[in-house]
Amino acid sequence: MSTANVERVLVVPRDVVPDRASWYGLRTDGIEAFLTVVAERGRYEPRSAMEVDPSFKQIIPYLVLRDGERYFLMRRTKAGGDARLHDRWSIGVGGHVDLGDEDLAGGLRREWHEELVAHFEPTFTPYALLNDDTTEVGAVHLGVVILADAEGRPVRVRETEKLSGAFATPAEVAAGAKHLETWSRIVFDALETVAAASGR
């Protein structure tokens, strides 16, 4: 394969992640400072090499779209390519940041337009870092959780042969919690804990 066809994704050395990513779950402190680090120290490396090198973290913008209290909940069908994800649920829209995206914000906007059909672009608010080193996949990825609100505007999934999606109440998401992908479960539990503490 020529170097021109090698997929390159945005990564940072693990050493520049707060506490070297030795924590599990969400971390809301220092999010803006870390985004500055990504802008300064991030670089694009071959994805194939990064998937097996835990000394780097691939940066994944992970958008959680809500409409008030409801979450945009997506369910993967058996038509998707990765059998491990069949019938899994997700409250996060995200993916790798590619060289052509230029930066994390560019990758986020691309994912928004590729994955969803919506006649608007919401305000994207960085919320937390997301880490799970308990699996081989998690050990080489770091999520940047972004929150956005549809504010009553319609949204639907683009690839309807692979996904279904609709806004769901927290109770509806909780009822299917066993189906949630790991990152989605971590984020949902954390956000609902915050909501409960604030008296929702």
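Numbers here simply count residues along the sequence, with the first being 1.
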Is the backbone N or O of [Y] less than 3.5 Å from a side-chain atom of [X], with the two atoms forming a donor-acceptor pair by type?
| X | Y | value |
| --- | --- | --- |
| S164 | T160 | no |
| E172 | T169 | yes |
| S184 | I91 | yes |

Give the minimum heavy-atom separation between [X] and [Y], together with the two atoms involved.
| X | Y | result |
| --- | --- | --- |
| N131 | H141 | OD1-O, 3.8 Å |
| Q58 | R47 | OE1-CG, 4.0 Å |
| G94 | I60 | C-CG2, 4.4 Å |
| P13 | R43 | CG-NH1, 4.0 Å |
| A150 | V155 | CB-CG2, 4.3 Å |
| D103 | V97 | O-CG1, 3.4 Å |

Hydrophobic clusters here meaning ILVMFWY residues chained together by side-chain heavy-atom distances under 4.5 Å, can you tell me if [X] and [Y] are in one?
| X | Y | answer |
| --- | --- | --- |
| V140 | V12 | no |
| L73 | L116 | no |
| L163 | W89 | no |
| Y62 | L129 | no |
| W23 | V16 | yes |

Salt bridge between [X] and [Y], side-chain N to carboxylate O under 4.0 Å?
| X | Y | answer |
| --- | --- | --- |
| R27 | D19 | yes |
| K57 | D133 | yes |
| D98 | R8 | no |

Counting only heavy atoms not in [X] (residues, nucleotides, ligands), do more than 12 fall under 6.0 Å from its [atom1]?
| X | atom1 | value |
| --- | --- | --- |
| E102 | CD | no |
| E121 | CD | yes |
| R41 | CZ | no |
| R158 | CZ | yes |

Drop me the distance from [X]'s [atom1] to [Y]'s [atom2], to the nearest 0.5 angstrom.
| X | Y | atom1 | atom2 | value |
| --- | --- | --- | --- | --- |
| R20 | D15 | CZ | CG | 4.5 Å |
| F72 | E115 | CZ | CD | 10.5 Å |
| I31 | L26 | CD1 | CG | 10.0 Å |
| L65 | R70 | CG | CZ | 10.0 Å |
| M74 | R88 | CE | CZ | 14.0 Å |

Answer whether the closest heavy-atom distance between the side chains of [X] and [Y] falls below 4.5 Å.
| X | Y | answer |
| --- | --- | --- |
| P126 | F34 | no |
| L130 | I186 | yes |
| L108 | F124 | yes |
| L191 | V145 | no |
| E111 | L63 | no |
| D53 | E45 | no |
| T182 | D132 | yes |
| L142 | V17 | yes |

Pair F188 + W183: ring centers closer than 6.0 Å: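 So the answer is no for these two rings.
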Short side-chain donor-acceptor distance under 3.5 Å, Y71 and E192: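 E192 vs Y71: donor-acceptor pair found between side chains.
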Worked check of salt bridge (charged side-chain N to carboxylate O under 4.0 Å, His left out) between R66 and D149: CA-CA 5 Å; R66 294 190 287 188; D149 198 311; over 6 Å; no
Side chain to side chain contact (heavy atoms under 4.5 Å, CB included) evaluation trace for I59 with V9: CA-CA 8 Å; I59 303 299; V9 296; over 6 Å; no
Of T28, V64, V187, the residue whose pairing with Y127 passes side-chain contact (heavy atoms from CB on, under 4.5 Å):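 That would be T28; it is the only one of T28, V64, V187 passing the side-chain contact (heavy atoms from CB on, under 4.5 Å) with Y127.
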Test salt bridge (charged side-chain N to carboxylate O under 4.0 Å, His left out) applied to E181 and R76, step by step: CA-CA 10 Å; E181 297 169 3; R76 301 181 189 277; 2.5 Å; yes
